[in-house]
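Both counts, for ligands and for their atoms, begin at 1 and track the order of listing.
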Amino acid sequence: MNPLVIIGTGLAGYGLAKELRKLKDSRPITLITGDDGSFYSKPMLSSALAQNKDAQGLVMASAEQMSEQLDAQVLTHTFVDHIEPAKRQVVLTDGQVVSYAQLVLAVGANPIQLPFRGTGASDVMQVNSLADYAQWRDRLKDVEKVILIGPGLIGCEFANDLLKVGKKVALVGPDPWPISTLIPEKAGRALQQVLKKVGAQWHLETFNGAIEKEGRHYQTTLKNGTVVDGDLVLSAVGLKPNVDMAKAAGLAVNRGIVTNEYLQTSDPHIYALGDCAEVNGANLPYVQPLMVGGRALAATLAHKPTPVIYPIMPVVIKTTLHPIVTMPPGDRAGSWFMSHTPKGVMGRYMGEGGVLEGFVLTGEHTKLKSTLVKEMQTAIAA
Ligand code: FAD
């Protein structure tokens, strides 16, 4: 029977099941999820307010519809407690046991919990699921201004979304400039300026970690003495791969669940895919890598071992008031060559041999994305 069990019904879990069925693989599949199993696009969570979509409006298919479409069993509101690799079993929190021939961990990533201090610390919100988004939308009804902690990629997208629906936003964080881990300073400053023009307040390099509640409002006093107030606090300080279950099962973990290029973990019957996986040393928590990985893993599971080969995958940042596309060069040796025009910023990262190794484009320059991707592909092929 060769049953396949997939833990997780995010884009990785459902995506893999879809790819397997496309290959006409008819083995029994069981998908297990702690949530309601709705199929939706998680990137929409930080851009759905401006599109006037509520949580239900983001759902593309219910768990029942997915079960029918995939000819698979979907166990919803069901938590896996632990895995017993030696017995090839998954043990649920209610004690039930699910056996597998092959198991795929598609358990995603969890929001990083900063150790906030102060009387308002426990009210800080995080948005990483449909249920969180429903609560976020609901809480925003009476809110004029949000204190947003974490001006990284996801934080800036939430700020963009809030500004577009007329809310005020104060962005607070230790970061030297917006999205500083992914884009060079000039590009971050371009975004900062545009969002400032439409009302964003920026408080960079000054957060001290304390949130105080004053009646129905919140306050944080920054290291420089400035007091920032708001009606709601959102933390968007990044995500951490969910490795606990894998670690407890004795699988190799690092930042993510360690896999080889076949997405196989240190146990030959267990694979990992999506935000939880660290494939050949790289944890890439974006949609394109999990789609490329899902196609390769489906082929491997269908008896055609296929390594994951990632193409050039720029990151598209949905700050629609000033869009950004970036292909970070990682730790490759080279230098940034930046130009700033009224249309936005263009940065080319040139490696030692004069070869394009990365780029950043903002504003109207984002239209050049495919040209620069082609240039990088040509350099790789040469
Ligand atoms: P998830 O969607 O997190 O799914 C994890 C699944 O595991 C869930 O079904 C959960 O219930 C289940 N699970 C976990 N533990 C257990 C357990 N013990 N028992 C049972 N079930 C369990 N990427 C982009 O490429 N572009 C973007 O613009 C972009 N924007 C984003 C905006 C936001 C706000 C966020 C949060 C992410 C964004 N991303 C974006 C990242 C992208 O959404 C993720 O890479 C992708 O959705 C991860 O999918 P996943 O299936 O790996 O994980």
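- Distance alone, capped at 3.5 Å, is enough to place a donor-acceptor pair between the Asp161 side chain and the Ala50 backbone.
- Residue-ligand proximity, Met245 to ligand 1, at heavy-atom distances under 4.0 Å covers atoms 17 (C), 18 (N).
- Taking atom 52 (O) of ligand 1 as the reference point, the nearest protein heavy-atom neighbour is Asp275 N, 3.0 Å.
- Distances from atom 10 (C) of ligand 1 to the heavy atoms of Leu239, Ile317, Thr33 show the closest one on Thr33.
- Between the side chains of Arg27 and Gln102, at least one donor N or O lies within less than 3.5 Å of an accepting N or O.
- With respect to atom 53 (O) of ligand 1, the closest heavy atom belonging to the protein is Gly108 CA, 3.3 Å.
- By the side-chain hydrogen bond (donor to acceptor under 3.5 Å, both in side chains) test, Arg88 pairs with His269, sequence neighbours left out.
- Geometrically, ligand 1 and Gln288 share no nitrogen or oxygen pair separated by less than 3.5 Å.
- Contacts with ligand 1 closer than 4.0 Å are made by no heavy atom of Ser129, backbone or side chain.
- Each of the following atoms of ligand 1 lies closer than 4.0 Å to a heavy atom of Leu290: 46 (C), 48 (C), 49 (O).
- Taking every heavy atom of Gly8 and a limit of under 4.0 angstrom, the matching atoms of ligand 1 come to 6 (C), 7 (O), 9 (O), 12 (C).
- On a distance-only criterion, Val80 and ligand 1 share at least one N/O pair closer than 3.5 Å.
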How far apart are the C-alpha atoms of Ile324 and Lys318, what are their side-chain angles, what is the distance that settles it, and do they pass the side-chain contact (heavy atoms from CB on, under 4.5 Å) test?
-> CA-CA 7 Å; Ile324 299 175; Lys318 305 184 297 298; over 6 Å; no
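- Set against the non-hydrogen atoms of Asn128, the atoms of ligand 1 under 4.0 Å away are 36 (C).
- For His203 and Thr226, the side-chain atoms include no donor-acceptor pair closer than 3.5 Å.
- By the 3.5 Å distance cut-off applied to N or O atoms, Phe79 is not counted among the residues near ligand 1.
- Asp94 places a side-chain N or O within 3.5 Å of a backbone atom of Gln96 that can act as its donor or acceptor partner.
- Looking at Gly13, Pro43, Ala277, it is Pro43 that brings a heavy atom closest to atom 38 (C) of ligand 1.
- Of the polar atoms of Leu273, none of the N or O atoms is found under 3.5 Å from an N or O of ligand 1, judged by distance alone.
- Nearest protein heavy-atom contact of atom 51 (O) of ligand 1 is Ala12 N, 2.9 Å.
- Looking only at protein heavy atoms, the nearest one to atom 25 (O) of ligand 1 is Val287 N, 2.8 Å.
- The protein non-hydrogen atom at the shortest distance from atom 30 (N) of ligand 1 is Lys318 NZ, 2.9 Å.
- Counting the atoms of ligand 1 from 1 in the order shown, those under 4.0 Å from a heavy atom of Gly274 are 52 (O).
- Side chains of Asn128 and Gln126: no donor on one and acceptor on the other come within 3.5 Å.
- Between atom 7 (O) of ligand 1 and the options Ile7, Asp161, Val107, Val315, the minimum heavy-atom separation is to Val107.
- The shortest N or O to N or O distance between Ser46 and ligand 1 is not under 3.5 Å.
- Taking only nitrogen or oxygen atoms, main chain and side chain alike, Ile154 does not reach within less than 3.5 Å of ligand 1.
- Protein heavy atom closest to atom 21 (N) of ligand 1, with residue, atom name and distance, is Gly34 N, 3.1 Å.
- Side-chain contact between Thr341 and His365: present, with at least one pair of heavy atoms (C-beta onward) separated by less than 4.5 Å.
- The nearest protein atom to atom 8 (C) of ligand 1, hydrogens excluded, is given as Asp35 OD2, 3.8 Å; this is a heavy-atom distance.
- Shown in contact with Thr9 at under 4.0 Å from a heavy atom are these atoms of ligand 1, numbered in order with element: 6 (C), 9 (O).
- Between the side chain of Glu278 and the backbone N or O of Arg255 there is at least one donor-acceptor pair closer than 3.5 Å.
- The shortest side-chain heavy-atom distance between Leu204 and Pro151 falls under the 4.5 Å cut-off.
- Here Lys168 pairs with Glu144 in a salt bridge; the nearest charged N to carboxylate O distance falls below 4.0 Å.
- A salt bridge links Lys145 with Asp229: the closest approach of a Lys/Arg side-chain nitrogen to an acidic carboxylate oxygen falls below 4.0 angstrom.
- Ionic pairing of Glu357 and Arg348 is not present here: no N-O contact between side-chain nitrogen and carboxylate oxygen is shorter than 4.0 angstrom.
- Below 4.0 Å from some heavy atom of Asn242 lie the following atoms of ligand 1, by number and element: 14 (C), 15 (N).
- Within ligand 1, counting atoms from 1 as listed, the ones closer than 4.0 Å to a heavy atom of Ala106 are 5 (C), 6 (C), 7 (O).
- A donor-acceptor pair under 3.5 Å is absent between the side-chain atoms of Arg21 and the main chain of Leu16, judged by distance alone.
- Backbone and side-chain nitrogen or oxygen atoms of Lys42 are examined, and one is located within less than 3.5 angstrom of a nitrogen or oxygen of ligand 1.
- If you look at Asp81 next to ligand 1, there are no close heavy atoms at all, none under 4.0 Å.
- Residue Met44 places every heavy atom at 4.0 Å or more from ligand 1.
- Side-chain contact between Leu4 and Tyr100 is absent, with no heavy atoms from C-beta onward closer than 4.5 Å.
- A 4.5 Å side-chain heavy-atom check between Val98 and Gln89 finds every atom pair outside the cut-off.
- Contacts of Lys213 classified as side-chain hydrogen bond (donor to acceptor under 3.5 Å, both in side chains), with partners at least two apart in sequence or in another chain: Asp123.
- For Pro285, a nitrogen or oxygen atom sits less than 3.5 Å from a nitrogen or oxygen atom of ligand 1, counting backbone and side chain alike.
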